[in-house]
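First the proteins, then the strands, lettered A, B, ... as listed; each starts at 1. Nothing here was measured: the structure is a model prediction, and the numbers come from that model.
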Amino acid sequence: MIYLTSLVAIIQREALRYVNQRERFIAALVRPLVWLLVFAAGFRAALGLSITPPYQTYITYEVYIVPGLCGMILLFNGMQSSLSLVYDREMGSMKVLLTAPLPRWWLLICKLIGGTVISILQVYTFLAIAWLYGIKVPWTGYLAALPALMIAGMMLGALGLALSSFVKQLENFAGVMNFVIFPMFFLSSALYPLWKMAEAGRVLHDICAANPFTQAVELIRFSLYRTGNPAALGWTVLATAVFLALAIWGYDPARGMTRKQG
Amino acid sequence: MSGNSLTRRPQYGEHDQVTALTVSGLTYHFGAKTALKDVSFSIPEGRFCALLGPNGAGKSTLFSLLTGLLVSKAGTITLNGHDMRRSPRSALGDLGVVFQQTTLDLDLTVTQNLTYFAALHGISGRAAAKRIDDVLDRMSMRERAHEKTRALNGGHKRRVEIARALLHQPKVMLLDEPTVGLDAPARAAITDHVHSLCGNGDLTVLWATHLTDEVRMSDDLIILDRGTVLLHDLAGQIAGTRPLNGVFLDMIGASS
């Protein structure tokens with residue numbers, strides 16, 4: 001019972017904090033909308049897309065990048081919530097969480113689920129705006145995407161959590177974020193399909209294919225069109241497990257999460 | 001001076017002998033630096049024990065170990081009969097903590113902060129609401145229940161944190177320099193309040209400080225310096241006929 005109570009409380013706390021930071025909500029939406037409404041519109045003519053699964057017809061570039069931008073929201077939010085973890089740790093409220101009489105792995109998973117739920121709310125807000133803009137997927141696709149968004153959000157959140165356990169200070173974390181977010185985003189299928197990358201070079205294509213963010217984006221893309229993608233699902237789940245294991249190890253008290261204070 | 005040479009057990013009446021917190025042979029290193037060296041003491045149930053030491057004595061490290069934020073391979077911590085390493089969840093369930101820094105969520109109200117904490121201890125719904133009312137009454141903070149904690153002054157924030165630490169009815173409460181940054185009246189009020197909490201029940205308090213005026217002569221007193229326990233006795237016994245501050249300064253001066 002205490003497991004469920006704590007999970008609900010942690011999700012509520014994340015949601016309350018979020019409601020209190022409306023700028024954060026708007027900022028998180030502006031970023032993908034700029035990509036969709038400005039960048040994609042500009043590149044529409046330059047980038048031709050052939051018919052590849054899960055699409056059954058020619059699509060415009062705007063339609064192509066919507067799943068990638070959903071992934072972008074999850075990626076930035078995953079990093080943002082781990083940034084708030086580093087902040088929490090510096091400010092001390094992380095101590096309140098970690099001294100609760102619950103296993104640490106559970107507390108970390110609760111944090112992850114809390115952050116992911118908030119991210120998903122943002123993704124659906126973005127999808128609603130995209131719908132108004134004319135980019136529509138089958139309505140059941142919006143439902144089918146929910147588990148995919150959950151897994152992708154957990155994977156990216158776990159990555160942020162793992163990073164936050166190894167980066168001790170807030171200032172350093174901003175640098176780490178730039179080194180993680182941008183390569184992860186640009187070396188993926190979020191903005192261009194993998195076969196386009198293959199034209200640019202085999203190595204680049206392979207790096208993009210191995211990028212867990214690519215797998216997460218493909219998982220979202222396929223599920224939005226109600227198509228299964230077991231490979232993307234498998235890789236995303238595996239990456240989630242690896243990042244989560246790293247985070248749990250990183251937050252192990254025997255490793256000394258809180259450094260010397262006097 | 002050898003670290004434990006002056007340590008002696010305080011003499012209590014026979015009814016006081018149930019131990020709430022026992023620390024035995026606790027050692028902790030940060031890399032090559034030894035933060036705590038063979039620290040041992042025990043505090044009987046219902047006592048107020050002051051942990052006095054200058055800055056850098058190892059008080060915060062000891063608190064991190066007592067709260068399970070750090071784990072040491074050398075030594076044991078037993079809290080209300082629960083070994084912190086073997087059954088940390090049972091031990092933490094009996095422990096209330098007030099950290100040195102404010103650990104409240106400043107964007108949330110007093111009640112929201114307390115509700116969140118109650119849930120982390122498995123208390124929800126009406127039971128949580130009742131306990132929140134009780135602890136806020138106990139700390140005279142009921143009328144502030146719906147204010148955002150950011151709007152509270154330092155003394156009131158501390159009271160909320162103490163209320164929060166009492167919410168799950170712990171057996172032992174740890175306070176790490178809880179009066180840091182407070183003005184003199186707020187400091188005196190908080191010190192008095194926690195002493196009174198200890199006086200009328202089975203709550204045991206370990207209060208870390210570097211200020212001797214927060215210690216009463218009837219309190220237990222542990223003097224910690226450079227990671228070792230210099231002395232553990234009743235404060236009145238340690239002070240004798242002299243002011244406690246002078247004795248404390250002499251001791252930490254003598255050990256350097």
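- Both the backbone and the side chain of L97(A) come within contact range of chain B, with heavy atoms under 4.5 Å apart.
- Between the CZ atom of R104(A) and the CG atom of L69(B) there is a distance of 6.0 Å, given to the nearest 0.5 Å.
- L120(B) is listed as a side-chain neighbour of I10(A), based on a closest heavy-atom distance under 4.5 Å.
- A 4.5 Å side-chain heavy-atom check between R164(B) and V96(A) finds at least one atom pair inside the cut-off.
- Annotation: side chain of Q112(B) is not in contact with side chain of Q12(A) (no heavy-atom distance under 4.5 Å).
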Is there a side chain to side chain contact (heavy atoms under 4.5 Å, CB included) between R13(A) and D105(B) once you walk through the steps?
-> CA-CA 9 Å; R13(A) 177 176 178 264; D105(B) 219 320; 2.6 Å; yes
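- Contacts between Y116(B) and chain A at a heavy-atom distance below 4.5 Å involve backbone atoms as well as side-chain atoms.
- Within a 6.0 Å sphere centred on CH2 of W35(A), heavy atoms belonging to other residues, nucleotides or ligands number more than 12.
- The minimum heavy-atom distance between G93(B) and P101(A), with the atom names listed, is N-CB, 3.8 Å.
- Atom CD1 of I2(A) sits about 10.0 Å away from atom OG of S124(B), to the nearest 0.5 Å.
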Hey, mind stepping through T5(A) and H121(B) against side chain to side chain contact (heavy atoms under 4.5 Å, CB included) and telling me if it holds?
-> CA-CA 8 Å; T5(A) 315; H121(B) 284 260; over 6 Å; no
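- Between the CG atom of D107(B) and the CZ atom of R17(A) there is a distance of 7.5 Å, given to the nearest 0.5 Å.
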